[in-house]
Amino acid sequence: MTRDLTIAAVRLTPILVADPPLLNTQGVHQPYTPRLIVEVETADGITGLGETYGDAKYLELARPFAGKLVGRQVSDLGALFLLADEVAVDASRVLGQVDVGGLRGVQTADKLRLSVVSGFEVACLDALGKALGLPVHALLGGKVRDTVEYSAYLFYKWADHPEGVASEKDDWGAAVDPAGVVAQARAFTERYGFTSFKLKGGVFPPEEEIAAVKALADAFPGHPLRLDPNGAWSVETSLKVAAELGDVLEYLEDPALGTPAMAEVAARTGVPLATNMCVTTFAEIQEAFTKGAVQVVLSDHHYWGGLRNTQQLAAVCRTFGVGVSMHSNTHLGISLAAMTHVAATVPDLHHACDSHYPWQSEDVLTERLTFDGGEITVSDAPGLGVELDRERLAFLHQRWLDDDGTLRDRDDAAAMRVADPGWVTPSVPRW
């Protein structure tokens, strides 16, 4: 049977999903965070799913871009970037917004386009896989592993969002000191079987975060540990932390902001440095790699423009002897499935990938993806191997419709000001 792979319709559904009060150097997560669900439907009625950021600036580009796809072949993946270039972007508006959603470094109009394209590319791959009866990893060249390992993503955390703020309750409790961080790590291990741990830092003075990592090392001897302050430290502070934790850290992620500062830290310590901030596009690779600024790049298919670009990044990293793994932001099961498929195809994936997924109590899938021993089994079902729960999607979209606009753009600093009206986004370096 010959399939008609013509794109007949594209549906975009912005949603708000519950998010716990997780702390970072910018502030605290809002009680709900925006995501965008992309559906690409072929003339034969096959629907592919994608997911990306749902803030207003992404929607403004995604809507006209979606219109350009109708009538094209779902297999015409190379044209996605060309079509995105045809959509006008108000660069002044993009650059004028604080991007705390990913704490990803400098944002540009081109990076915005890549983040939007990523959701559509995944949806097209999902639809194409379903039409051909092949899993997405087969469309990417085939898997080299049957499971993908993920790391427990630990956060300093309040027990609840501020009093009077509408939110969903969780059972994780507070974690604002070393004992709380260790208790959180134990819960992650008991629930999901994780064997490596990453702590989001840049929240408290470095001495306190050093103590937390040492407490983790004592509680989980020999387990890989990482610390990520999102560029909150000076070069000297970064070196001090590296000296204190060099014998227990797998790597130190973005201790200082920007490639020059990272290069200086890397030159003066033997602790490997990882990044998802100073290398987020191909254009940023040359400076970082030639200066030896990073030893591990944490890819994020949302940043890089999709799964195929992620594979290209992995090949470049392999060429230069730089390690590769995966960054994560607040995401649902569609994105996690996409991450797992592409991770399964990357030969030199020697570090467990990050994932926020255990923190998300809500999803748009009929069945949540599950971690077994900290790993996810790679699906061999056609496409991504996930199914959309339309009733749940409608519920989360209605929450977005009912919002007065305060939550449709993620802003961790604004969320912090609800609890602390005098909060000002800290200047960098913070310590």
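For this chain, numbers begin at 1 and follow the sequence in order.
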Heavy atoms only: give me the nearest [X]-[Y] pair and the separation to one decimal.
| X | Y | answer |
| --- | --- | --- |
| Val136 | Leu125 | CG2-O, 3.9 Å |
| Met262 | Cys278 | CG-SG, 4.3 Å |
| Glu60 | Pro64 | O-CD, 3.0 Å |
| Val271 | Ala242 | CG2-O, 3.7 Å |
| Leu307 | Ala338 | CD2-O, 3.8 Å |
| Phe155 | Ala175 | O-CB, 3.9 Å |

Tell me, do [X] and [Y] make a side-chain contact under 4.5 Å, heavy atoms counted?
| X | Y | result |
| --- | --- | --- |
| Pro358 | Phe188 | yes |
| Asn24 | Asp412 | yes |
| Val248 | Lys214 | no |
| Asp254 | Val294 | no |
| Cys317 | Phe289 | yes |
| Asn309 | Gln312 | yes |
| Ile37 | Ile15 | yes |
| Arg145 | His137 | no |

Is the shortest distance from a Lys or Arg side-chain nitrogen in [X] or [Y] to a carboxylate oxygen in the other one below 4.0 Å?
| X | Y | answer |
| --- | --- | --- |
| Glu264 | Lys291 | no |
| Asp146 | Lys143 | yes |
| Arg410 | Asp55 | no |
| Glu253 | Arg226 | no |

Once the angle between the rings of Tyr303 and His327 is folded into 0 to 90°, is it parallel (under 30°), tilted (30 to 60°) or perpendicular (over 60°)?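 It falls in the tilted class, 30° to 60°.
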Evaluate the ring planes of Phe197 and Phe220, with Trp represented by its six-membered ring, and classify them as parallel (under 30°), tilted (30 to 60°) or perpendicular (over 60°).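 Geometry flag for Phe220 against Phe197: tilted rings.
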How long is the straight-line distance from [atom2] of [Y] back to [atom1] of [X], given to the nearest 0.5 Å?
| X | Y | atom1 | atom2 | result |
| --- | --- | --- | --- | --- |
| Thr340 | Leu369 | OG1 | CG | 6.5 Å |
| Tyr153 | Thr330 | OH | OG1 | 9.0 Å |
| Leu114 | Leu80 | CG | CG | 11.5 Å |
| Ile376 | Phe371 | CD1 | CZ | 4.0 Å |

Sort out for me which residue in [options] forms a side-chain contact (heavy atoms from CB on, under 4.5 Å) with [X].
| X | options | result |
| --- | --- | --- |
| Lys198 | Asp354, Leu227, Leu225 | Asp354 |
| Lys200 | Asn230, Leu154, Leu22 | Asn230 |
| Glu39 | Leu12, Leu393, Asp126 | Leu393 |

Give me each pair satisfying side chain to side chain donor-acceptor pair (under 3.5 Å) with a member in residues 363-374, each pair once, sequence neighbours excluded. Tyr357-Asp363
Pairs satisfying side chain to side chain donor-acceptor pair (under 3.5 Å), at least one member in residues 173-193, at least two apart: Asp171-Arg191
Can a donor-acceptor pair be found between the side chains of [X] and [Y] at a distance below 3.5 Å?
| X | Y | value |
| --- | --- | --- |
| Ser118 | Ser115 | no |
| Ser196 | Tyr150 | no |
| Thr108 | Asp110 | no |
| Asp19 | Thr33 | no |
| Asn329 | His331 | no |
| Asn276 | Asp300 | no |
| Ser361 | Glu168 | no |

Evaluate Glu375 against Val148 for side chain to side chain contact (heavy atoms under 4.5 Å, CB included), listing each step before the verdict. CA-CA 5 Å; Glu375 299 180 336; Val148 173; over 6 Å; no
Would you say the ring centers of Phe194 and His223 fall short of 6.0 Å from each other?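 No; His223 has its ring centre 6.0 Å or more from that of Phe194.
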With ring centroids as reference points, do Trp431 and Phe204 lie under 6.0 angstrom apart? no
Is it true that atom CD of Glu387 has more than 12 heavy atoms of other residues, nucleotides or ligands lying nearer than 6.0 Å?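 No, because the 6.0 Å sphere around CD of Glu387 holds 12 heavy atoms or fewer from other groups.
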What verdict does the side chain to side chain contact (heavy atoms under 4.5 Å, CB included) test give for Leu365 and Arg392, after you've listed the backbone C-alpha separation in whole Å, the side-chain angles of each residue and the deciding distance to 0.1 Å? CA-CA 8 Å; Leu365 301 181; Arg392 194 63 188 166; over 6 Å; no
Short side-chain to backbone donor-acceptor contact, [X] and [Y], under 3.5 Å:
| X | Y | value |
| --- | --- | --- |
| Gln360 | Ala18 | yes |
| Asp403 | Thr406 | yes |
| Arg268 | Glu236 | no |
| Thr269 | Ala266 | no |
| Arg399 | Leu16 | yes |
| Glu209 | Gly202 | yes |
| Trp233 | Pro206 | no |
| Glu284 | Thr280 | yes |
| Glu41 | Val10 | no |
| Lys157 | Trp172 | no |

Could you walk me through whether Arg35 and Ser335 pass side chain to side chain contact (heavy atoms under 4.5 Å, CB included), step by step? CA-CA 11 Å; Arg35 296 295 285 177; Ser335 283; 3.4 Å; yes
Does Trp400 have Arg408 sitting over its ring (NZ/CZ under 6.0 Å from centre, angle to axis within 45°)? yes
Do we get Arg113 above Phe81's six-membered ring, with its NZ or CZ under 6.0 Å from the centre and within 45° of the axis? no
Evaluation steps, side chain to side chain contact (heavy atoms under 4.5 Å, CB included), between His29 and Leu23: CA-CA 7 Å; His29 287 206; Leu23 299 167; over 6 Å; no
Could you list the residues that satisfy ring pair (Phe, Tyr, Trp, His ring centres under 6.0 Å) with His350, not counting sequence neighbours?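 If we apply the ring pair (Phe, Tyr, Trp, His ring centres under 6.0 Å) test to His350, skipping adjacent residues, there are no hits.
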